[in-house]
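Presented below is the structure to which this report refers.
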Amino acid sequence: MPEHILFLDASESVLRARKAGDTTRSREFFAYYLNHLLPLKREWFREKKNVTFLSTDGLTARQVGEKVKHWCEQYI
């Protein structure tokens, strides 16, 4: 396991909007992932002490990149 993990997270509504805006992939597994796997993944990572959650709701790709860069400068 890595020393530090950055978990990029988003609300269900944001994930659905991103899916709708991305026509390059079919994402046939999306509903199952969103309803069954993502909640388990979040729960598993929340129990770890070395995980930082970053909500990407309302952020542009550039803003996410800047926040990720800042996090990397802190932890790596």
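None of these values were measured; they are calculated from a predicted model.
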Give a yes or no answer on whether the side chain of T60 reaches the backbone of Q63 with a donor-acceptor pair at less than 3.5 Å.
yes

Could you grab the distance from atom OH of Y75 to atom CG of N50, nearest 0.5 Å is fine?
10.5 Å

Taken in chain and number order and not counting sequence neighbours, the residues that satisfy side-chain contact (heavy atoms from CB on, under 4.5 Å) with I76 are W71, C72

Pairs in or reaching into residues 47-62: which pass salt bridge (charged side-chain N to carboxylate O under 4.0 Å, His left out), with residues at least two apart or in two chains?
R62-E66

CZ on F29 to CG on L34, rounded to 0.5 Å
11.5 Å

Once side-chain contact (heavy atoms from CB on, under 4.5 Å) is applied, do any residues pair with E28, and if so which ones, sequence neighbours excluded?
S26

Side chains of residues 1-10: which donor-acceptor partners sit under 3.5 Å, not counting sequence neighbours?
residue: D9; atom: OD1; partner: R42; partner atom: NE; Å: 2.9
residue: D9; atom: OD1; partner: R42; partner atom: NH2; Å: 2.8
residue: D9; atom: OD2; partner: R42; partner atom: NE; Å: 3.2

Residue list, salt bridge (Lys or Arg N to Asp or Glu O under 4.0 Å) with R25, at least two apart or on another chain:
D22

What distance do T52 atom OG1 and F45 atom CZ have between them, rounded to the nearest 0.5 Å?
12.0 Å

Check the hydrophobic clustering (I, L, V, M, F, W, Y; side-chain heavy atoms under 4.5 Å; chains of links allowed) and say if L37 and L15 are grouped together.
yes

Do F30 and Y32 sit in the same hydrophobic cluster, where Ile, Leu, Val, Met, Phe, Trp and Tyr count as joined when their side-chain heavy atoms come under 4.5 Å apart?
yes

Salt bridge (Lys or Arg N to Asp or Glu O under 4.0 Å) filter on R18, not counting sequence neighbours, yields none

